[in-house]
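To keep things clear, I will list the structure first and then write my remarks on it.
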Amino acid sequence: MNEAVTIGHTQAATANPEAVQHPQALLELAHGEARQSLLTVHRILEATLPEGELAIYEAGGGSTSFLPLKVLHRAHVTVVDIDEDQIRNNDYAHKAILGDIQTYRFRPNSFDLVICYNVIEHVPDVEAALLNFCEALKPSGMILIGAPNPRSLSGVVTKYSPHWFHVWFYRHVRGDKKAGLPGHAPFPTLFHPLVTLPNLEAFAEQHGLQMIYRKQYESPRYPEMRLRMPAFAALVDGAARVMNFFLPGRTDVRHGDYHVILRKR
């Protein structure tokens, strides 16, 4: 199919499953709605994926897996990422490919699960990437997407603020001293229209994908701020409550992220 560079690296997590007690992604999440939704995603994947060895495609993959360990330990994971530093940081994939998820194509019906987690907001042509995912999925295969909500408070700030502000926030509010260095978040955010949840739902319906899980939840940045900078967090929470008061329905501008699981019909 496509020509791309395959990069070799140590597969510590898969080589010695007992060495890892919990997915790092879960350990890094403060207790809150994001953590609870990810646990629900884990339960759905464990209950719904077929038995035996699994073929999994991770579209964009760094050092952290968002898979439940019961799934990861019986999966052959292929990662495709355009960033060589991200590829080298990955230590759980069996195959790591330096390539572009918008153009890289696998043989049809290759994978039981495609994961695109905190990636589509950075992609210029989300439609091309999603169509490639659909083609690569086996019948009844699933796509897990985790992404920010562009219509939330954090989404609007991310969209209209310069990238240096994102780096500052990660370093000084989140305490991530490596933020902005090669291979480390935050990465430039583009917010293609398909990142917006209603547009993503419409795409799924048009392309034979059944939505089996959909959850908007409070961004994990809020519980992080409440732990690290409670006075600043109180100001942000207060501003969010004022905005919610003037918005229709049960809109909560703190719902800064979402999980979606789609199944190929």
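Sequential numbering from 1 along the given sequence is applied to the chain's residues.
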Practice item. For the pair Arg226 and Asp237, find out whether any cationic side-chain nitrogen is under 4.0 Å from an anionic carboxylate oxygen. Key: yes
Review point. Any ion pair linking Glu224 and Arg228 (charged N to carboxylate O, less than 4.0 Å)?
Key: no
Point to revise | Where at least one partner belongs to residues 199-208, residue pairs that pass side chain to side chain donor-acceptor pair (under 3.5 Å), sequence neighbours excluded | key: Glu201-Arg214
Under the side-chain hydrogen bond (donor to acceptor under 3.5 Å, both in side chains) test, which residues partner [X], sequence neighbours left out?
X	value
Thr158	none
Arg43	Thr40
Asp252	Asn244, Arg254
Arg263	none

Side chains of [X] and [Y]: does their closest heavy-atom pair fall under 4.5 Å?
X	Y	value
Leu49	Ile44	no
Asn149	Gln216	yes
Glu46	Val71	yes

Working to the nearest 0.5 angstrom, can you tell me the gap between [X] [atom1] and [Y] [atom2]?
X	Y	atom1	atom2	answer
Leu98	Gln86	CG	CD	11.5 Å
Glu218	Ser154	CD	OG	10.0 Å
Glu127	Leu200	CD	CG	11.5 Å
Ile145	Ile120	CD1	CD1	5.0 Å

Practice item. Examine Val80 and Ile82 and state if one hydrophobic cluster contains both, with Ile, Leu, Val, Met, Phe, Trp and Tyr joined whenever side-chain heavy atoms are less than 4.5 Å apart. Key: no
Does [Y] offer a backbone N or O that forms a donor-acceptor pair with the side chain of [X] under 3.5 Å?
X	Y	value
Ser65	Leu67	yes
Arg74	Glu53	no
Ser110	Arg107	yes
Asn109	Phe111	no

Exercise for review: Let me see the working for Thr78 and His94 under side-chain hydrogen bond (donor to acceptor under 3.5 Å, both in side chains), right down to the final yes or no.
Suggested key: CA-CA 6 Å; Thr78 300; His94 295 78; over 6 Å; no
For [X] versus [Y], what's the shortest heavy-atom pair and its separation?
X	Y	result
Ile143	Leu113	N-CD1, 4.5 Å
Thr196	Pro150	OG1-CG, 3.9 Å
Asp257	Pro148	OD2-CA, 3.6 Å
His259	Ser37	ND1-OG, 2.7 Å
Ser152	Gly256	OG-CA, 3.3 Å
Ile87	Ile97	CD1-O, 3.5 Å

Point to revise | Any residue meeting side chain to side chain contact (heavy atoms under 4.5 Å, CB included) with Gln36, in chain and number order, not counting sequence neighbours | key: Leu39
Can you list, by chain and residue number, the hydrophobic cluster partners of [X] when the side-chain cut-off is 4.5 Å?
X	result
Tyr170	Leu153, Val157, Trp164, Phe165, Trp168, Phe169, Val173, Tyr222, Met225, Met229, Phe232, Val236, Met243, Leu247, Val253
Tyr160	Val156
Phe245	Val242, Phe246

Enumerate donor-acceptor pairs with a distance under 3.5 Å from any side-chain N or O in residues 129-142 to protein atoms, sequence neighbours excluded.
| residue | atom | partner | partner atom | Å |
| --- | --- | --- | --- | --- |
| Asn132 | ND2 | Ile101 | O | 3.3 |
| Asn132 | ND2 | Gln102 | O | 3.0 |
| Asn132 | ND2 | Ala128 | O | 3.4 |
| Glu135 | OE1 | Arg105 | NE | 3.0 |
| Glu135 | OE1 | Arg105 | NH2 | 3.0 |
| Glu135 | OE2 | Arg105 | NH2 | 2.6 |
| Lys138 | NZ | Asp112 | OD1 | 3.4 |
| Lys138 | NZ | Asp112 | OD2 | 3.4 |

Acceptor/donor pairs from residues 180-193 side chains to any protein atom, 3.5 angstrom cut, sequence neighbours excluded:
| residue | atom | partner | partner atom | Å |
| --- | --- | --- | --- | --- |
| Thr189 | OG1 | Phe187 | O | 3.4 |
| His192 | ND1 | Leu194 | N | 3.0 |

Practice item. Mind running side chain to side chain contact (heavy atoms under 4.5 Å, CB included) on Leu262 and Met211 for me, showing each step along the way? Key: CA-CA 5 Å; Leu262 307 170; Met211 186 168 289; 3.7 Å; yes
Exercise for review: Run the numbers on Val260 and Tyr213 for side chain to side chain contact (heavy atoms under 4.5 Å, CB included), then give the verdict.
Suggested key: CA-CA 5 Å; Val260 163; Tyr213 181 71; over 6 Å; no
Point to revise | Arg151 atom CZ, neighbour heavy-atom count above 12 within 6.0 Å | key: no
Point to revise | More than 12 heavy atoms from other groups under 6.0 Å of CZ on Arg250 | key: no
Practice item. Identify, with sequence neighbours excluded, every residue that meets salt bridge (charged side-chain N to carboxylate O under 4.0 Å, His left out) alongside Asp83. Key: none
Practice item. Test Leu45 against Leu144 for side chain to side chain contact (heavy atoms under 4.5 Å, CB included), laying out the working first. Key: CA-CA 9 Å; Leu45 294 181; Leu144 165 62; 4.3 Å; yes
Point to revise | Residues Tyr57, His76; criterion side-chain hydrogen bond (donor to acceptor under 3.5 Å, both in side chains); working and verdict | key: CA-CA 9 Å; Tyr57 166 28; His76 184 283; over 6 Å; no
**Study point:** Tyr217-Tyr258 aromatic ring centre distance below 6.0 Å
**Key:** no
